[in-house]
Amino acid sequence: MSTPQQDQSQLSDDLAVAAGASPHHEEPAHSSQLGQPLLQVRDLRVAYGQIQAVKGISFDLPLGRITTLVGANGAGKSTTLLALSGLVKKAGGSVDFDGQDLSTMAPHRIVQSGVVQVAEGRATLTTLTVHENLELGAYTRRIGKAEREAEIERIYQLFPRLKERAGGLAGNMSGGEQQMLAIGRALMAKPRLLLLDEPSMGLAPIIVQDIFRTLREINRSGLTIFLVEQNVRQALKIADRAYVLETGRIVLEGSGQQLLGDPKVQEAYLGH
Amino acid sequence: MLEQQLVNALSLGSVYALFALGFTLIFGVLGVVNLSHGAVFMVGAYGALQVINHFGFPLWAGLLFAFLLCGLLGLAIDFLVLKPLRARGAPHLIPMIATIGVGIAINSAMQGIFGAENLRFPAGTVSEESLTLGGLHLTALELGIVLLSFVLMGALMLSLKRTQLGRAMRAIAESPKAAYLLGINVEGLFYLTSFAAAGLGGLAGVLIGLYSNALFPLMGQPMLHKGIAVIILGGLGDVRGAMLGGLFLGFAEVLSIAYIGSDMRDAVAFGFLFLVLLLRPKGLFGSLQERKV
Amino acid sequence: MEAFDNFWAVYSNLVLTLGTNALLALSIYLTLSCGMLAMANAAFMGIGAYAAALLTMNYEAPFALALAGGMAAPALAAFAIGKPTLRLSGVYLAMATLAFGEVVRIAILNTESITGGALGLNGIPPSTQWWHVALVLVLVLFGLWRLNRSRIGRAFEAIKEDDTAAGLMGIDVAGHKLLAFVLGAMIAGLAGALNAHLTFFIGPNEYGFDRGVEILTMAILGGINGLLGPVLGAVTLTLLPELLRSLNDFRLVFNGLILVLIVLFLPQGVWDPVRLRQWFKRKGGQA
Amino acid sequence: MLELSGVERHFGGLKVLQGVNLAIPQGGVFGLIGPNGAGKTTVFNLITGLQQPDGGAIRFDGRDLSGLKPHQITRLGLARTFQNIRIFKGMSLLENVMVGQHSHLRYGALGLLLASAGFRSQELRARERARELLSWVGLESQADEVADKLSYGDQRKLELARALATEPRLLLLDEPVAGMNSAEKDEIMGVIRAIAARGFTVFMIEHDMKFVMGLCEQIAVLNFGQIIALGRPDEIRSNPQVIEAYLGRDDDDAGPAAGQGERA
Amino acid sequence: ADLKIGVAAALSGGAAQYGAAIRNGFQLAAEQINAAGGINGNKIQLVIEDEQGKKEEAINVFKKLVFQDKVLMIFGPTLSNSAQASNPIAQASKTVVFGTSNTADGITSIGDHVFRNSVTEADVLPETLKMAIKKANVKKVAVLYGNDDVFTKSGYDNFKKALADLNLPVTSTETFAKGDVDFKAQLTKIKAGNPDAIVLSALIAEGAPIMVQARQLGINVPFIGGNGMNSVKVFDLAKDKSDGLYVGSPWSIENQTDANRKFVVAYTAKYKMAPDQFAAQAYDGLYVASQALKTVKLSGNLADDRKALRDALPAVKWTGATGAFQFRRASDKAGKPAGYDAQQAAIVSVTQAGRFVIQK
Ligand SMILES: Nc1ncnc2c1ncn2[C@@H]1O[C@H](COP(=O)(O)OP(=O)(O)OP(=O)(O)O)[C@@H](O)[C@H]1O
Ligand SMILES: Nc1ncnc2c1ncn2[C@@H]1O[C@H](COP(=O)(O)OP(=O)(O)OP(=O)(O)O)[C@@H](O)[C@H]1O
Ligand SMILES: [Mg+2]
Ligand SMILES: [Mg+2]
């Protein structure tokens, strides 16, 4: 049996390939300039019945960068991500992804256009096997079985634990194993924009390190990432740009380093 | 006599399985115990009867017509009733109750239109003479039903187990939200399922209507009761299970008639169902799964 | 007064049927409120009806005793099958209980010397008075209301939400499920006993699949968020065909469609306190 | 007070736990850590009776727990929270907590039906106690809200309050701060300290090292179904086997344990 | 004034096909009677209510007819079960209830206001059996019946008694349930006993497929059917497999009396389909009642008129579509006189090439 403690650089390369950052990765049509906004959100509002969860926020996700959204419990982070993926109804605002208007698009079209999310609570398909979950990750891509299997093999190299349990039902995996599966499955879709909702939740420290390291690696090879985290210190460390969300409003923004140094942030989110 | 009874059991089992295939499919994907399936089944039989009687359609065209007619009916039910319920996330009992209402409405509407009398397909729609093979009697229709149910099961099973589409359907069955996140056109597949399941129900209606030779507005109800037993026996939503459950019920019924007494038939069949569930709480072929804590 | 007499002469039976149907809806509400989709209530009703009718007809038992028998017999049956059956969940439980119902029906069909088989029991004295039904309904409602406000009601609800977590709260899950099941059977049996003494005749086919589904429909349609829901559901479903009488051949079509419409547009059932409150607020606001 | 000796558990061919020996002493906070899939949650499931061990024995206060139902074990004074939150979503916060007091309310059927004095006073006391527990975790202001509406972090707090309501002597917490930010973690840390100070014994699984190290007197490390280390936080932190399998060598500024321990 | 007569029939639900035929029969008769000037100048006004084939509904409908519509008498309900539940209502309110399709035992023991013109199978089946024995040389029979339905089950009880009286050996007795589509298992078992005929107590929806499937299994012996099989539907449903079915009943579509021919022609013209026994008995029922009504002097007091009708009815003799008819007093469980049953001669016919051929 192998532990995740393998050659780190090897792992990161594999992850980068698996994430679609390899040369054959399609180039975005319009905003091909690194740092230009790939996704622009303007005045996004979401309400659950009477409760306003997101109260008009605007932000950009620059191409090829990691952007992070941090905030306390219930601030509306997950809601924002769900709204981007079209899974909750928007009460207003616009979402422009590389020239396309996502705000009225059906959820499956959003995924097809390259915006893929690893949702909070993982959303693994518990009655399917680990392997089938990964196969379904490539649902939107019309690729042959051989190619699909090769890509799954790369995910397995990234998370050897998954390979050991490939034929087991995803529902029987431990919490951490399911989290790995969810990330691996999202990478199978070769996203252009990866939305991650608390990817480190429930993972052992060593895996958390891996994940943050690999996120940085995939990002370096070209994938745009939007990261929602409560692990604020880690998130800010790898983020190029960061927003702080409080009760549905963006209250602070800046580069990751700026916010790391911000006393308010330190007080509220970084603790002692 | 035993040989003949085994043949009888096979064909009865296939009749049940044929009905149960569409029924289990819709449960498997939409998670709805669709109690209007019996009514859809009846509409298929009546629909084919109309086009065969009035337009002189040959049987295959009648079958095709029934498939399409019921498929569209299934789509309409999905669009008008099930979709709004999905949209508001109603718990699974609610759509079941709604389909009871749909079933009542369809059954009574058909009765209002066509009357309550028994109808039948014109003589000669299929040959009613039986083939005699070494003392065994079997009609062409029975043979057809047996073959068709196996073929349909095989096709459905292959497409559900081995293809991305099938995996997608299972994904939806478990969690539409997760399916959306994978880029699956969930609503589209719901429609497709409703169409296919109802279409299969219509096919079953024609074939079983031909078999029993008596069509009446409530002909779907007894089938529905048996169908529920069948899909539970087989494991809900499991296509292979529907087939095996159908055969199991067919054999249980026929053998209890042959060796215990026909007045105990249903007691034996349902007693068995009761026992099976106690021993295997998810049906004979349902996968037993512990819940993750 | 004469108008009332006249009304009562025509509709007394309907009103009393409302009462017994309300009891049936409450009986399934009890198991639903504990998270069990048990559909043996039609069978329990049948067992209660036969037990009570046989007590009156063969042993000339006083009515009260017959009613007690009509409660005890299904309670015993529920107790006997409850332990193995209630391990099942969801639709599987529904199916096992339906299968039990079929077995009961067939047993009645095949024990002709006692139950009259398919021909049923005839000439049951009509001892049920309107106040019997009313009293029983009030008592059952009161009992359930008290139950709901106690630790047992909370335990039922917790089991419905998540039985594993409930077990870890120190709740004897199996025991409480059995309790709900047996109490439900008693109420259904009582409804059966009252009904049998209202209609002169009972037969095995009245307690089959269709009745089981009808009972469930009444409860769900009315709403299972409170005690009034099942009662209103029973009222709706019993009155609807009568109100639609003038539609003749197509009345069941409308009956079915109205069922669908209620489900579509009243998500919590007919009795939905939250919606009603909002509604009143809006009204109040305008005034 | 809790003792596992030679506990085994298999799922099919998968040996999830192999001869686990563990003794949780009375008082204080005891930690269990280990890689994902090591079998930690399974240990909790075995202790609370949700699953039965395939070998070995589990004793609580000297009493063998084998064959007992979950509710019987709870009544012995054991309570837990879940890794995947399992609150009663349709009930109010107050009701959630009152469910926890189920086995401490004693009134008969008659008392219940007639709303006897005993019934009323017990219900009243339960309600007050529930409010008190909610205030421990800082949720008293939302006592009458429906639990479903709570955010993730608040749901965890509610689970904690609900578990406390069973009046346990030993409290098992499965990743109590997963999904919380550091301010909230501090809050929960305070709550757990207060609980421990009140004499409850706490047995906790957590991946957040700062949290674990800050709270626990003793920590056991589970890897591939076996205990590979047991000791005080500083011993564990520097155990090379643990670092290899679990903690990793953080190349960031803050050093192995604290740096990545912000959350997990 | 109009004479209000209530009809409670199952117009929806599983028994609707009988209820519909019954309603047709009544409507045809009412139309004819009214066209011929009514009864002593009064027109008949039918108040038709759907009782769905359910006992509770039948009770509701009876109460509505008796107390709200204030009808002179009630025809119905369709099923014997419903009659057991609803007829006591009529009896208690001293209103005549006249069944045209209730054949179960004990209906007329409910009380002296309960009448029926439906011949009980106890009277008919022995005749049918005797004829089949005579014509087809039957020495032993197998029995097949629906055991979950009052109608077919009480038919079976009467067959059983008649078979015992005739000392005819039974090779095997098999049952089926309403809604079954496959009977081959039972038939295979029957075939193994090698009977000379199969006694069949079934309704047509199951009876016709049974005949077809028997022939498919190579069973070519005659069927001896009960009341439920006496319908031209059998030709429609069983087509060329319909030969060799013996049925007995006071009414046969082939009975060439004037009254019957007139009925069949008028019915077929009005409803575009052939009548069945249910329609014929309903049709005759209204004529029987109208004979009684002719002799009643209406006072305008409902209770008095109802009583007068009740007293006039037993004496009626009438020859209609179902042949010569008169009432016969029935007794209750204690043996005291109660309601009135039908006294009629049965006609036995056998199916041949798509027709009923009357056997003599
Ligand atoms: N389905 C829902 N119905 C009603 N309210 C909801 C729903 N989901 C979330 N909320 C409310 O919306 C607000 C924002 O929730 P959201 O889940 O987006 O927060 P979050 O920032 O992701 O918090 P966490 O860190 O706990 O995951 C919260 O107040 C929450 O209670
Ligand atoms: N019901 C089951 N069937 C099969 N395998 C199971 C089952 N339950 C758990 N497992 C396996 O047992 C192993 C231990 O699971 P467990 O949940 O105890 O891990 P854990 O230590 O709590 O991990 P994490 O920190 O990720 O929550 C995992 O590999 C898991 O896949
Ligand atoms: Mg969130
Ligand atoms: Mg765990």
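Chain naming here is simple, since letters A, B, ... match the order of the sequence lines and numbering starts at 1 in each.
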Of all the heavy-atom pairs spanning C:Thr85 and B:Leu278, show the shortest one and how long it is.
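Shortest heavy-atom separation between C:Thr85 and B:Leu278 comes out as CA-CD2, 3.8 Å.
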
Quick check: closest heavy atoms across B:Val29 and B:Phe190, and the distance to 0.1 Å?
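Shortest heavy-atom separation between B:Val29 and B:Phe190 comes out as O-CE2, 3.7 Å.
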
Any side-chain heavy-atom pair of C:Phe100 and C:Met39 under 4.5 Å
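Side chain of C:Phe100 against side chain of C:Met39, heavy atoms only: no contact under 4.5 Å found.
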
Tell me, side chain or backbone of [X] under 4.5 Å from chain C's heavy atoms, or both, or neither?
| X | value |
| --- | --- |
| B:Ala269 | neither |
| B:Ile106 | neither |
| B:Met96 | side chain |
| B:Phe272 | neither |
| B:Val33 | side chain |

Need one label for C:Leu98: side chain, backbone, both or neither, based on atoms under 4.5 Å from any heavy atom in chain B.
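Looking at C:Leu98, nothing touches chain B.
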
Begin with the C-alpha distance, continue with both residues' side-chain angles, and end with the deciding distance and a verdict on salt bridge (Lys or Arg N to Asp or Glu O under 4.0 Å) for B:Lys226 and B:Glu253.
CA-CA 11 Å; B:Lys226 293 277 161 81; B:Glu253 288 192 356; 3.2 Å; yes

Is any residue of residues 256-265 of chain C within less than 4.5 Å of chain B by heavy atoms, and which ones?
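Contacts with chain B: C:Gly256, C:Leu257, C:Leu259, C:Val260, C:Val263, C:Leu264.
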
Residue-level interface, residues 215-242 of chain C with chain B, non-hydrogen cut-off under 4.5 Å:
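Those residues of residues 215-242 of chain C which have a heavy atom under 4.5 Å from chain B are C:Leu216, C:Thr217, C:Ile220.
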
With a cut-off of 6.0 Å (strictly less than), are more than 12 heavy atoms of other residues, nucleotides or ligands near CZ of B:Phe79?
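No, because the 6.0 Å sphere around CZ of B:Phe79 holds 12 heavy atoms or fewer from other groups.
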
Can any side-chain N or O of B:Thr24 pair as donor or acceptor with the backbone N or O of B:Ala20 at less than 3.5 Å?
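Judged by distance alone, no pair lies under 3.5 Å.
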
Assign the ring pair C:Phe181 / C:Phe44 to parallel, tilted or perpendicular, where the plane angle (0 to 90°) is split at 30° and 60°.
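Geometry flag for C:Phe44 against C:Phe181: perpendicular rings.
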
Parallel, tilted or perpendicular: rings of C:His176 and C:Phe156 (30°, 60°)
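The arrangement is perpendicular - the two ring planes meet at more than 60°.
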
To the nearest 0.5 Å, tell me how far B:His225 NE2 sits from C:Phe209 CZ.
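Going from NE2 on B:His225 over to CZ on C:Phe209, the span is 4.0 Å.
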
Does B:Asp78 pair with B:Arg86 as a salt bridge, N-O distance under 4.0 Å?
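Result for this pair is yes, salt bridge flagged.
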
Heavy-atom pairs under 4.5 Å with chain C are the metric here; pick the option from B:Leu80, B:Ile94, B:Asp263, B:Thr99 that has the most.
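Option with the top pair count is B:Asp263.
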
Out of B:Leu35, B:Ile232, B:Leu275, which one racks up the most heavy-atom pairs below 4.5 Å with chain C?
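Between B:Leu35, B:Ile232, B:Leu275, the count favours B:Ile232.
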
Distance-only donor-acceptor check, side chains C:Asn148 and C:Glu157, under 3.5 Å
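The answer is no; no qualifying pair exists.
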
